[in-house]
Amino acid sequence: MSKVLSAVAWPYANGPRHIGHVAGFGVPSDVFSRYMRMAGHDVLMVSGTDEHGTPILIAADEAGLTPQELADQNHRMIAEDLTALGISYDLYTRTTTRNHYAVVQEMFRGVHENGYFVEKTTYGAISPSTGRTLPDRYIEGTCPICGYDGARGDQCDSCGNQLDPHELKDPKSKINGETPEFIETQHFFLDLPALADALTEWLDEREASGTWRPNVIRFSQNILKEIKPRAMTRDIDWGIPIPLEGWQDNPTKKLYVWFDAVIGYLSASIEWARRGDDPEAWRAWWNPASDSGEEALSYYFMGKDNITFHSQIWPAELLAYSGRGDKGGGLHAFGHLNLPTEVVSSEFLTMEGRKFSSSKRVVIYVRDLLSRYQPDAFRYFVASAGPENQDSDFTWSEFVRRTNDELVAGWGNLVSRTATLIAKNFGQIPPAGEFTVEDRRLLDLVEGTFPAVGDLIAAHRQKQAIGQAMRAVAEVNKYVTDSEPWTLKSEDQRERLGTILHVLAQCVVDLNLILSPFLPFSANAIHAVFGGTGEVQPMPRIDEVDDLDGGAGYPIITGDYTGARAWGRSPLQVGTPISKPTPVFTKLDTAVVDEELARLGG
RNA sequence: GGGGCGGUAGCUCAGUCGGUUAGAGCAAAGGACUCAUAAUCCUUGGGUCGUGGGUUCGAGCCCCACCCGCCCUACCA
């Protein structure tokens with residue numbers, strides 16, 4: 001048994017999240033975490049809302065709010081969405097807590113003391129009215145090469161050339177139209193070249209493990225070839241202060257949002273421990289096994305656009321903090337911090353063949369989807385048709401089809417016919433008599449599905465895992481048809497009838513457990529149908545908490561997942577009363593396809 | 001422009017070390033059945049594996065070129 005850290009990408013607080021976001025990091029991380037708990041591992045699942053950076057400032061200005069007010073609103077909304085999806089975080093927090101500020105500043109100081117920051121003067125654009133950095137993408141002007149007047153600061157969309165913003169003719173801020181000012185400014189750069197050897201060694205060892213998705217490991221190794229120092233500070237007034245004399249109180253110098261966001265995995269683990277019995281408990285997931293006696297594994301879940309930050313920037317910060325690069329260095333308060341065991345990156349979900357775009361209304365927000373459909377229907381779609389190894393397309397017709405023809409007609413129907421047959425004939429789970437060869441074969445097949453599906457989930461092959469489970473569902477449906485229990489009406493056939501229904505009930509209860517990491521809500525409902533407590537899969541909840549260090553209170557997602565069932569068959573309780581169930585899954589009217597398409601922008 | 005990943009049945013996707021006649025689910029057509037949310041089960045049809053070359057006894061898989069899609073190449077996150 002191991003300590004397993006499920007580190008889930010931090011949603012950005014500039015607005016509500018759409019289903020593409022949660023398809024990439026949410027559902028896969030939750031399926032994995034729920035399974036790992038059932039397999040007996042000690043899982044710590046953390047994430048939170050990422051609330052710093054320029055886009056938050058801009059969104060706040062547009063909404064007439066302060067950045068903190070905007071972040072407060074969006075943090076709450078995102079937390080509600082993730083809870084409604086059933087994502088079983090031990091702690092879902094945010095980056096504007098005092099705890100996070102303190103952890104980030106400790107990391108900065110450690111990296112700085114170990115010598116992995118270099119100070120450099122750069123030439124950059126600022127907005128004269130606010131003094132804030134104006135990132136390249138927010139500058140537009142006339143391309144000096146082709147004369148196109150809508151060129152962005154970094155690239156001209158017309159001729160495709162890469163540009164420097166100060167080369168643009170007639171540059172303008174896209175935010176307020178003013179002319180940017182180009183100034184010299186001092187920043188701290190993370191000395192990535194001094195960490196490149198250590199990163200290479202780590203990636204080579206990870207590649208040798210053979211567990212990473214091939215494109216993720218190849219991409220990670222490739223970006224290492226052109227590694228260069230990256231600025232970890234910005235001219236901005238919204239962010240975490242730089243904890244150094246002369247910088248600390250500068251209102252317009254802050255840490256780069258990505259420097260702080262990835263540290264969230266650590267700060268959330270520490271916050272979780274501080275809210276529990278032992279404030280040092282986080283170390284079992286972060287420090288090497290020799291310190292805690294138990295193997296510590298860490299899995300990071302995200303979309304492919306975040307690979308750089310998880311396979312380069314974050315491991316570099318960890319290495320630098322614990323003095324493991326070319327420049328050496330010492331250990332600090334957090335000790336020797338583990339590098340990621342695996343970076344599990346999803347590809348992208350598209351929407352009806354197009355990229356998601358809030359402005360063009362090619363989008364469906366998580367809360368809109370969940371207000372009209374069951375969370376498990378969406379989770380089923382993502383698990384079976386999501387962007388696991390390549391981009392995949394969400395279409396309403398495919399969503400309706402998967403829900404109706406696979407989830408309802410395949411699995412829902414098996415649950416329904418099994419419970420109804422038992423309710424009508426016995427009213428309780430009957431005892432089994434002698435098993436036939438067919439009974440044995442089916443029982444063995446279903447029991448063998450536990451390790452098969454479990455191994456696939458552990459290897460992050462969830463599409464194949466749920467496919468395997470659904471094939472077992474089909475086998476059980478076939479068994480019902482072949483054994484024709486409805487024809488066994490006479491008294492001398494009653495024992496055989498009871499045996500068939502006992503076998504069926506056992507298989508359905510088993511399959512419910514196997515499907516429960518994917519379909520936690522319906523797993524609980526089905527558990528209740530078969531006489532259980534309805535608590536096969538514990539659910540997350542939102543708590544309103546105080547800031548641990550005197551800041552403003554905020555909502556978190558947390559939960560008690562210690563009740564997770566073991567991954568394997570548990571025998572039926574003969575005599576458990578069963579009544580005719582109401583349908584667990586809602587069949588969708590095909591008219592919803594047109595209704596939903598009408599909501600999308602042209 | 002550079003780096004990476006992908007293109008296989010109407011749709012969504014598997015395809016291991018290069019090895020028999022390229023598979024699954026859904027959709028379609030026909031049949032069986034009635035316990036079940038008209039659900040289930042059986043059978044059948046369906047493919048120039050993006051295009052063009054090459055290596056090989058043998059290529060979906062390896063090599064070269066090209067076409068198409070996506071991600072990265074940002075002081076956006």
Side-chain angles (χ1 to χ4, degrees), chain A residues 9-14 50 52-56 58 122-126 132-139 152-155 159-162 165 185 187 213-223 225-226 230-236 256-258 261 303-309 345 347-348 350 353 355 381 384-393 395 397-398 401-402 404-406 408-410 412-425 461 463-464 467 470-471 474 476-488 501 504 580-587:
Chain A
W10 289 51
Y12 196 59
N14 61 343
D50 176 11
H52 296 124
T54 309
I56 301 279
I58 293 165
T122 62
Y123 190 60
I126 60 161
R132 293 171 187 160
T133 301
L134 203 49
D136 293 355
R137 68 180 303 206
Y138 291 111
I139 300 171
R152 292 176 300 158
D154 54 342
Q155 190 174 28
C159 66
N161 283 292
Q162 301 234 319
T185 174
H187 285 295
R213 289 176 183 159
N215 59 335
V216 180
I217 193 82
R218 291 192 67 166
F219 180 79
S220 303
Q221 289 174 319
N222 195 263
I223 55 178
K225 290 181 201 151
E226 291 176 38
R230 283 181 75 138
M232 291 291 144
T233 51
R234 292 288 186 276
D235 292 295
I236 187 172
Y256 175 39
V257 59
W258 261 110
K304 62 178 160 182
D305 54 334
N306 279 351
I307 294 174
T308 306
F309 299 99
S345 169
E347 305 296 301
F348 275 21
T350 52
K355 289 173 83 161
F381 181 93
S384 56
E388 186 171 283
N389 288 307
Q390 57 183 289
D391 293 353
S392 73
D393 194 28
T395 64
S397 66
E398 185 69 3
R401 190 195 67 68
R402 292 252 179 203
N404 287 352
D405 300 339
E406 297 181 21
V408 177
N413 182 239
L414 176 62
V415 170
S416 189
R417 68 198 306 206
T418 301
T420 305
L421 279 166
I422 293 172
K424 277 188 182 171
N425 289 290
R461 305 189 68 166
K463 281 177 139 169
Q464 226 176 311
M470 292 304 281
R471 262 191 296 283
V476 181
N477 266 322
K478 180 170 155 54
Y479 170 86
V480 182
T481 301
D482 291 348
S483 56
E484 301 183 311
W486 49 88
T487 62
L488 306 175
L501 297 185
L504 259 180
K580 186 172 161 52
T582 52
V584 171
F585 297 104
T586 307
K587 186 165 179 166

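Naming convention: chains lettered A, B, ... in sequence-line order (proteins, then strands); numbering from 1 in each chain. Quantities reported herein were computed from a predicted structural model and do not represent experimental measurements.
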Exercise for the section: Measure the distance from CZ on Arg402(A) to P on rG25(B) and round it to the nearest whole Å. Expected result: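 These atoms are roughly 13 Å apart.
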Practice task
Quickly work out the Phe381(A) CZ to rU12(B) P distance and round it to whole Å.
Solution key: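 Whole-Å distance recorded here is 10 Å.
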Look at the side chain of [X] and decide which nucleotide, out of [options], has an atom nearest to it.
X         : options                   : value
Asp405(A) : rC26(B), rC13(B), rC35(B) : rC26(B)
Tyr256(A) : rA77(B), rA36(B), rC11(B) : rA77(B)
Asn413(A) : rC72(B), rA36(B), rC70(B) : rA36(B)
Arg461(A) : rC75(B), rG15(B), rU12(B) : rG15(B)
Arg471(A) : rC26(B), rC72(B), rA24(B) : rA24(B)
Lys463(A) : rC72(B), rC26(B), rC13(B) : rC13(B)
Asn306(A) : rA77(B), rC35(B), rC71(B) : rA77(B)
Arg417(A) : rC26(B), rC72(B), rA36(B) : rA36(B)
Val408(A) : rC26(B), rU37(B), rG3(B)  : rU37(B)
Thr54(A)  : rA77(B), rC41(B), rC70(B) : rA77(B)

Problem - Ser392(A) versus Pro387(A), closest heavy-atom pair with distance - result: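 That would be OG-N, 3.2 Å.
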Exercise for the section: Search all heavy atoms of Ala9(A) against all heavy atoms of Asn306(A) and return the closest pair with its distance. Expected result: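 Smallest interatomic distance, heavy atoms only, reads CB-ND2, 4.5 Å.
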Practice task
Please name all residues satisfying salt bridge (Lys or Arg N to Asp or Glu O under 4.0 Å) with Lys463(A), sequence neighbours left out, ordered by chain then number.
Solution key: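 Checked Lys463(A) against salt bridge (Lys or Arg N to Asp or Glu O under 4.0 Å); zero matches.
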Exercise for the section: Tell me whether rC62(B) sits syn or anti, counting syn as a glycosidic angle within 90° of 0. Expected result: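 Base orientation: anti.
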Practice task
Report the residues that fulfil ring-ring contact (aromatic ring centres under 6.0 Å, His included) with His187(A), sequence neighbours left out, ordered by chain and then residue number.
Solution key: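 Partners of His187(A) under the ring-ring contact (aromatic ring centres under 6.0 Å, His included) test: none.
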Using a cut-off of 4.0 Å on non-hydrogen atoms, how would the nucleic acid contact of [X] be classed: base, sugar-phosphate, or nothing?
X         : value
Asn425(A) : nothing
Phe348(A) : sugar-phosphate
Ala409(A) : sugar-phosphate

Exercise for the section: Starting from the 5' end of RNA chain B, give me the residue, Asn222(A) or Gln464(A), whose nearest nucleotide shows up first. Expected result: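 Its nearest nucleotide being more 5', the pick is Asn222(A).
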Problem - Presence of donor-acceptor pair under 3.5 Å, side chain of Thr122(A) and base of rC75(B) - result: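 For Thr122(A), whose side chain was compared with the base of rC75(B), there is a donor-acceptor pair (under 3.5 Å).
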Handout entry: Polar side-chain atom of Thr420(A) near backbone of Ser416(A) as donor-acceptor pair, under 3.5 Å
Key =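 Answer holds: yes.
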Exercise for the section: Answer yes or no: does a side-chain N or O of Lys355(A) lie under 4.0 Å from OP1 or OP2 of rC71(B)? Expected result: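 Checking rC71(B) against Lys355(A), a side-chain N or O does come within under 4.0 Å of OP1 or OP2.
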